[in-house]
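Structure record follows, encoded as structure tokens.
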Amino acid sequence: MVINLMVFLPLLTALVGGLGNRYIGNFAAKLVTTAGLFVSCLIAWFIFALYFTGLGVAQVVPVLDWIHSGNLNVEWSLRIDTLTAVMLVVITTVSALVHLYSWGYMAEDNSQPRFFAYLSLFTFAMLMLVTANNLVQMFFGWEGVGLASYLLIGFWYQKPSANAAAIKAFVVNRVGDFGFSLGIFGTFLVFGTVSIPEILAAAPGMAGTTIGFLGHRVDTMTLLCLLLFVGAMGKSAQLGLHTWLPDAMEGPTPVSALIHAATMVTAGVFMVCRLSPMFVVSPTAMTVVTLVGAATAFFAATVGTTQTDIKRVIAYSTCSQLGYMFFAAGVGAFNAAMFHLFTHAFFKALLFLGAGSVIHAMHHEQDMRFYGGLRKHIPLTFYAMLAGTLAITGFGFIEVFGFAGFYSKDAIIEAAYAHGGEAGGIAYAVGVFAALLTSFYSWRLMFLTFWGKPRWAGSEHIQHAVHDSHWDAEAEGAGSDPHQVKIVDGTAGYHPHESPWTMLVPLGVLSLGAIFAGFLFHDAFLGVERGAAFWNNSLAFNAHLMEEMHHVPLLVKLSASIVMVAGFGMAYWAYISNTGIPAKFTETFRGLYKFLLNKWYFDELYHALFVVPAFALGRFFWHRGDEKTIDRFGPDGAAAVILSGGRLAAKLQSGYLYTYALVMLLGLAAAATWAMTR
């Protein structure tokens, strides 16, 4: 009953808030949805505590019978084990805090009940995904978060860019979801069931078997795993199907935190870890997962170094960190992948919500080039984002203490090295280099935002805020004309203010997670004996790999910390001590800079390869097929024939008696002639 309450309460509150809408008002809708999420969050932490202390037992809670068709039997049930418990904590904690944060961030929005209903619907869909005991139920949750993300990204539907971003996310994910659905069909074909426990139990027995696909015989488990992984690539924005992720920033900032930290983008990682006994049967599939994850980590980290939109920098950071999780899974360290997912949820949600607090203070200005010197004006936001930055860059000291990312990200790098082989070596090298770039662009964001002289005067958003806020012009010495803005230290008369408590409390809670989550839980997630007991067969736990991680060379253990310091030094040198370096770099390496600034031209390439031909094909079928063929010879043609016949008939209806007599005589003569000739 408690588990059912935890899962279905967000759906109930979403219905109340969404259907009640203006009838119940903003406050009631926010209160109902937020309270429901905090109740679910408390239950989730209680369940997690049971598994963390070794008291939890894997169980399946039946809900109802769903589908019975031939050999296909699908029961709607909730699977609770350690892997699920970890995801429940991540989802409900971040979602509850995002709900509370949205009280302040969305306070001036005219559609608050709809927004909070969408948030709760999103959370329910994700809870359905992670508690699924069969692939069909997982696909239900999978598509549910896709629908909810479409609604949330395009929440401000009056903005064309938001509509375009929502459609882009939906279409790109359809590509991945098509692969995922093929994987589910193939799995049912091979195993005769969609029950996850039954599939995982039978998976080792399928090693070495082949199946027909596109006219060829291929390894069964490799094919199934790669098809399933295509779905993970779309949902978790891996290289090739990543283009929707940065554009998702068009949604409100709380949406960015929810999608990028705890829900949609982690669904692919969770799915691979849930089905890890299938993946370990196929070395080829594991290698593909490793290389795709490493390529994504490298790509996104390089692009993040040049972006100027504060939310897009963090978005590409998410993409890069997801790459870490996937190549951890690819080398067999599924528990390390889940640990990074767990810690990443805290510090990435913190960074996004912190960025939202900055944007709130800067009157919706998102370009970091118009920030500067904010740490004195919004100190609480500054310290929160500082904690998040130290966590994502992996600041810490071996055997002493470290922020969250120090334990999880470093563990992934060590696992890649310990795994060995060509794929492991590539993943290790890429992981270290990406850690260098992560440190650089993270501190670049901090220095541009919180240090240096204020550059607010150049922002149109700030100028509009000053002109539209009816500020006391005389007090600023600008006279009675509000357009005579007095420039005070480059601030254009604008004074950033700290966010309300509803936004600061979530920042404080997430800061605690970013600081302590790695230190408190690393032994349970990564320990050899403790880890095996903690995970309790909820994923493929490689104890040998975990043991090898503890014996890698000291230089390997220190490599992530070394590049972290190097990245900090590079950012400090370029954006604090010698601020002319970035301009010189862009002039010297203009081609490289434009290549990275334009995100490796993936959008332009896809536009040329897919969008333009699709529109051309659509126009061809529209004009040539629909208008000039179907309409011409179909309804339009029939209407034209009837119209012409009507006009001819109208000419015969003259109204004169002699005309009708002549027609009758001619008709009679024609009939007589026909009869005589027969």
Side-chain angles (χ1 to χ4, degrees), residues 3-4 6-8 10-11 58-67 69 72-88 90-91 121-149 173-203 224-236 262-279 285 289 325-326 329 334 337-338 341 538-540:
I3 294 174
N4 288 332
M6 174 190 63
V7 173
F8 289 101
L11 175 63
Q59 57 181 311
V60 176
V61 180
V63 178
L64 53 85
D65 290 336
W66 192 12
I67 301 173
S69 177
L72 179 62
N73 295 311
V74 180
E75 294 182 352
W76 198 306
S77 54
L78 307 178
R79 178 182 178 86
I80 305 296
D81 56 16
T82 304
L83 183 61
T84 306
V86 171
M87 291 301 298
L88 292 177
V90 168
I91 295 165
L121 178 64
F122 198 119
T123 306
F124 165 73
M126 194 66 194
L127 291 174
M128 290 308 308
L129 192 158
V130 301
T131 57
N133 195 42
N134 61 73
L135 294 178
V136 176
Q137 185 180 334
M138 181 181 288
F139 192 73
F140 170 83
W142 194 273
E143 293 303 300
V145 293
L147 168 65
S149 68
N173 273 278
R174 295 290 68 72
V175 178
D177 293 353
F178 178 66
F180 188 38
S181 61
L182 287 180
I184 294 175
F185 296 150
T187 302
F188 176 70
L189 176 66
V190 171
F191 294 97
T193 180
V194 292
S195 171
I196 292 176
E198 294 179 18
I199 293 170
L200 299 185
L224 297 181
C225 290
L226 290 182
L227 287 174
L228 294 169
F229 181 60
V230 170
M233 288 179 63
K235 201 65 72 180
S236 294
T263 53
M264 186 169 173
V265 295
T266 62
V269 179
F270 166 79
M271 185 265 286
V272 171
C273 291
R274 170 62 81 197
L275 304 179
S276 53
M278 289 181 64
F279 279 83
V289 173
M325 298 175 205
F326 274 111
F334 296 100
M338 286 303 302
L341 185 156
S538 60
L539 50 68

Which atoms form the tightest heavy-atom contact between M138 and L129, and what is the distance? O-CG, 4.0 Å
State, yes or no, whether a side-chain contact exists between L88 and T131 at a heavy-atom distance under 4.5 Å. yes
So do F122 and V145 actually touch side chain to side chain, heavy atoms under 4.5 Å? yes
To the closest 0.5 Å, what do you measure between CG (N173) and CG (L147)? 12.0 Å
Which distance, rounded to the nearest 0.5 Å, do you find between the CG of L224 and the CG of L182? 10.5 Å
Taking the side chain as C-beta and beyond, is there a heavy-atom pair between M338 and M87 under 4.5 Å? yes
Where G144 and A125 come nearest, the two heavy atoms and their spacing: C-CB, 3.5 Å
To the nearest 0.5 angstrom, please state how far the CZ atom of F140 sits from the CG atom of L135. 15.5 Å
Determine the interplanar angle of the F124 and F8 rings, folded into 0 to 90°, and report it as parallel if under 30°, tilted if 30 to 60°, perpendicular if over 60°. tilted
Can you find a heavy atom in the side chain of W76 that is under 4.5 Å from one in the side chain of M128? yes
Locate the shortest heavy-atom distance separating S236 from F326; write the atom from each residue and the value. CB-CE1, 3.5 Å
Would you name the heavy atoms of P277 and A540 that are closest together and state the gap between them? N-CB, 4.3 Å
Side-chain touch R274/L83, heavy atoms, less than 4.5 angstrom: yes
Main chain of F180, side chain of D177: is a donor-acceptor contact present, judged purely on distance under 3.5 Å? no
Close side-chain approach of V194 to Q137, heavy-atom, < 4.5 Å: no
When rounded to the nearest 0.5 angstrom, what is the spacing between CZ in F334 and SG in C273? 6.5 Å
In terms of heavy-atom contacts, N134 and S195 come closest through CB-CA, 4.1 Å
CD of Q59 to CZ of R79, rounded to nearest 0.5 Å, is 11.0 Å
Is the backbone N or O of V60 less than 3.5 Å from a side-chain atom of S77, with the two atoms forming a donor-acceptor pair by type? no
Shortest non-hydrogen contact from V272 to A232? CG2-CB, 4.1 Å
Between the CD1 atom in I91 and the OG1 atom in T266, the distance rounded to the nearest 0.5 Å is 6.5 Å
Whether the side chain of K235 engages the backbone of W142 through a donor-acceptor N/O pair (distance < 3.5 Å, no angle test) should be reported. yes
